[in-house]
Amino acid sequence: MKRLLVTMSDETHEGLRELAFRRKTTMSRLVVAAVEEIYEDELDAIEAQKGLDDFLSDPERGISIQDYIAKRRSAVRS
């Protein structure tokens, strides 16, 4: 686990403090949750772009949506 120092305006700090109080949690947990949510969205977008770039570089390696669904169904049954 790593620590990070964050600087914010007095107004943002006060709002975060109030929100943490109302939710009965810590300011730190709110900040970490917000960062993780944004990070996950961005990471998903990066992975999707990599997949698209990979497909576009060699479309023959791709499979149809029907084949993909059939593959997923057989994996779920196993």
Side-chain angles (χ1 to χ4, degrees):
M1 181 106 20
K2 298 286 185 177
R3 290 180 164 253
L4 174 68
L5 176 66
V6 177
T7 304
M8 62 184 68
S9 70
D10 291 341
E11 294 82 17
T12 301
H13 183 272
E14 184 58 32
L16 186 62
R17 190 180 72 74
E18 177 69 22
L19 183 60
F21 176 78
R22 288 175 182 262
R23 292 191 179 181
K24 295 180 174 62
T25 189
T26 64
M27 293 169 56
S28 178
R29 285 190 179 147
L30 290 175
V31 170
V32 168
V35 168
E36 286 175 347
E37 183 177 324
I38 291 171
Y39 179 74
E40 277 185 34
D41 290 347
E42 289 292 322
L43 193 56
D44 287 347
I46 290 168
E47 289 301 314
Q49 186 62 52
K50 284 181 186 177
L52 178 60
D53 292 344
D54 188 40
F55 171 75
L56 292 175
S57 70
D58 187 8
E60 293 296 317
R61 289 182 19 202
I63 63 172
S64 71
I65 188 66
Q66 292 82 8
D67 290 343
Y68 173 77
I69 291 170
K71 216 177 195 183
R72 294 289 298 174
R73 282 188 182 140
S74 67
V76 170
R77 289 184 194 134
S78 300

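Source: prediction; values computed, not measured. Computation of the quantities below employed the complete heavy-atom set of this structure, encompassing side-chain atoms and omitting hydrogens, waters and symmetry-equivalent molecules.
- Following chains of ILVMFWY side-chain contacts shorter than 4.5 Å, one cannot reach Tyr68 starting from Leu52, and the two form parts of different hydrophobic clusters.
- Hydrophobic clustering places Leu19 together with Met8 (ILVMFWY residues linked when any side-chain heavy atoms are closer than 4.5 Å, directly or through intermediates).
- Partners of Glu36 by salt bridge (Lys or Arg N to Asp or Glu O under 4.0 Å), not counting sequence neighbours: none found.
- Note: the hydrophobic cluster containing Leu16 does not contain Phe21 (ILVMFWY, side chain heavy atoms under 4.5 Å, direct or indirect links).
- Of all the heavy atoms in Pro59 and Ser57, the pair that sits closest is CD-C, 3.9 Å.
- Applying the side chain to side chain donor-acceptor pair (under 3.5 Å) test to pairs two or more places apart or on separate chains, those with a residue in residues 19-32 are Glu18-Arg22.
- Residues satisfying the side-chain hydrogen bond (donor to acceptor under 3.5 Å, both in side chains) test with Arg61, not counting sequence neighbours, are Asp54.
- With sequence neighbours left out, Asp53 forms a side-chain hydrogen bond (donor to acceptor under 3.5 Å, both in side chains) with Gln49.
- No continuous path of hydrophobic side-chain contacts links Phe55 to Ile63 [ILVMFWY only; heavy atoms under 4.5 Å].
- Contacts of Arg17 classified as side-chain hydrogen bond (donor to acceptor under 3.5 Å, both in side chains), with partners at least two apart in sequence or in another chain: Glu14.
- Clustering ILVMFWY residues whenever any of their side-chain heavy atoms sit less than 4.5 angstrom apart, transitively, puts Val35 in the very cluster that holds Val6.
- A search for side-chain hydrogen bond (donor to acceptor under 3.5 Å, both in side chains) contacts involving Asp67 returns Ser64, not counting sequence neighbours.
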